[in-house]
Amino acid sequence: MVMRNEVTARVPAKVNLQLSVGPLRADGYHELVSVFHAVNVCDDVRATRADGISLTIAGEGEDTLPRDESNLAWRAAVLLADASGVDPDVALHIQKSIPIAGGMAGGSADAAGALLACDALWNLQTPREELMEFAAELGSDVPFALHGGTAIGTGRGEFLTAVLSNGAFHWVFALADGGLSTPLVYAECDRLRAGHDIPDPQVSDSLMQALRAGDAMLLAEALHNDLQAPAIKLRPALAQVLEVGEDYGALGGVVSGSGPTCAFLVRDDEHALDVAVALTASGVCRNVKRATGPAPGARLI
Ligand code: C5P
């Protein structure tokens, strides 16, 4: 049995290429069709042998994130330990690049990383399906952070089916000052749709065709997020961010998840640089990040 003193998991951020929000369920969640796409903006979660559990954080949002049991990564380590009958002895350290409360599932990525890293540190060899179940228990987006690539999520987002896609897509992300609360954005979505018939969400055929063809132009046309209107309602400045990105030649732009990060699809590296420079110069966002997708799911490095 190999006993390691330290392991690190690298976990990608996601953007939703499609996020179609169905009716509110009795459990407070919404039935979704979400086409998740992992991009190579990653957090690293390091797990080191220790007595008891602790958490330190460096990078994006380091001053604002909790370092106790209210952090999803901490909860992931405890859940895995409890389920496996071991003590949660681990010093977790998260090196963050994924914006916090940005709609890119950074907290979910950290939880997925903690699951994978602790599983290796404690030599548990938990079957993949079980890790996915723990992930779903922790949050709707956590299973996808383990899965990576491009995948359709149904249910509340936790049931995943891989999607066939060709080639790489290039993205520019416009990061905002301050986050948006996911529950508040969903609540605003309900408020805006009150009194309307809400159909069951369906996977977009044109999106699937664009992914199969590896065609960025078609993909740009098919980007769709039902949470975009409520996110803009709560943060009107996002409309301007989307306008600037598109005015400066992005193929398409969309609010990422519940926002406030905006994702712009571009042709290639050079185009990404042009759009990133334009967004920075316009002053409409706090920072920009360039990335490509699909990226692999959580993995040990
Ligand atoms: O699953 P997670 O804890 O990440 O979800 C955060 C919040 O987002 C939920 O409490 C809920 O308000 C909202 N949500 C939802 N429907 C989903 C996923 C999330 O309403 N399918």
Side-chain angles (χ1 to χ4, degrees), residues 11-38 43 45 61 65-66 68-80 94 96 98-115 131-148 151-161 179-194 196 198-204 224-231 233-235 254-261 297-298:
V11 199
K14 61 87 181 161
V15 56
N16 303 82
L17 306 177
Q18 176 189 351
L19 182 48
S20 296
V21 180
L24 180 61
R25 309 191 314 200
D27 64 1
Y29 286 89
H30 295 76
E31 201 63 25
L32 298 183
V33 163
S34 167
V35 180
F36 293 108
H37 181 68
D43 283 359
V45 182
L65 288 170
D68 56 19
E69 68 281 355
S70 62
N71 191 301
L72 206 55
W74 181 300
R75 295 219 294 272
V78 171
L79 175 68
L80 180 67
I94 307 176
K96 285 202 69 69
I98 307 174
I100 63 162
M104 296 186 77
S108 303
D110 299 344
L115 280 178
L131 275 187
M132 290 300 257
E133 281 167 23
F134 296 146
E137 210 172 304
L138 290 160
S140 308
D141 291 344
V142 184
F144 178 72
L146 285 176
H147 187 286
I152 298 170
T154 53
R156 63 184 168 92
E158 81 277 37
F159 300 121
L160 298 172
T161 313
L180 271 176
S181 148
T182 302
L184 286 185
V185 176
Y186 272 102
E188 183 64 19
C189 180
D190 290 337
R191 208 183 60 78
L192 291 175
R193 302 194 305 191
H196 295 266
I198 299 155
D200 282 334
Q202 306 289 336
V203 178
S204 153
H224 174 79
N225 181 2
D226 278 346
L227 293 182
Q228 178 160 309
K233 192 85 185 169
L234 294 172
R235 188 73 71 84
V254 72
V255 168
S256 180
S258 56
T261 303

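Whatever order the structure lists ligands and atoms in, that order sets their numbers, starting from 1. One-based numbering along the sequence shown.
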Of N225, T182, N16, which meets side-chain hydrogen bond (donor to acceptor under 3.5 Å, both in side chains) against S258?
T182
Counting N and O atoms only, with roles assigned by atom type, does the side chain of N71 sit under 3.5 Å from a partner on the main chain of P66, one being a donor and the other an acceptor?
yes
Going by the atom numbers of ligand 1, which of them fall below 4.0 Å from some non-hydrogen atom of R156?
1 (O), 17 (C), 18 (C), 21 (N)
For ligand 1, the portion of Y29 having any non-hydrogen atom under 4.0 Å away:
both
Output yes when the distance from some N or O of ligand 1 to some N or O of D141 is under 3.5 Å, and no in every other case.
no
Going by heavy atoms in the side chains, are Q228 and V254 under 4.5 Å from each other?
yes
Atoms in ligand 1 with a heavy atom of L32 nearer than 4.0 Å:
21 (N)
Please report which non-hydrogen protein atom sits nearest to atom 7 (C) of ligand 1, along with the residue it belongs to and the distance in Å to one decimal place.
P183 CG, 3.9 Å
Hey, does the side chain of R156 reach the backbone of G28 with a donor-acceptor pair shorter than 3.5 angstrom?
no
Look at atom 6 (C) of ligand 1 and say which protein heavy atom is nearest, naming residue and atom and giving the distance to 0.1 Å.
T182 CG2, 4.3 Å
So is G28 touching ligand 1 or not, going by heavy atoms under 4.0 Å?
yes
Please determine whether side chain to side chain contact (heavy atoms under 4.5 Å, CB included) holds for the pair L32 and V21, giving the CA-CA distance in whole Å, both sets of side-chain angles, and the decisive distance to 0.1 Å.
CA-CA 5 Å; L32 298 183; V21 180; 4.0 Å; yes
Answer whether the closest heavy-atom distance between the side chains of E69 and V78 falls below 4.5 Å.
no
Under 4.0 Å from a heavy atom of G139: which atoms of ligand 1 are those, numbered in the order shown and with their elements?
1 (O)
May I ask you to identify the nearest protein heavy atom to atom 1 (O) of ligand 1, giving residue, atom name and distance to one decimal place in Å?
S140 OG, 2.5 Å
Protein residue, atom and distance nearest to atom 13 (C) of ligand 1, heavy-atom basis:
Y186 CD1, 3.3 Å
Nearest protein heavy-atom contact for atom 20 (O) of ligand 1: which residue, which atom, what distance?
H30 ND1, 2.7 Å
Under 3.5 Å: donor-acceptor pair, side chain of T261, backbone of G103:
no
Do the non-hydrogen side-chain atoms of V35 and H37 ever get within less than 4.5 Å of each other?
no
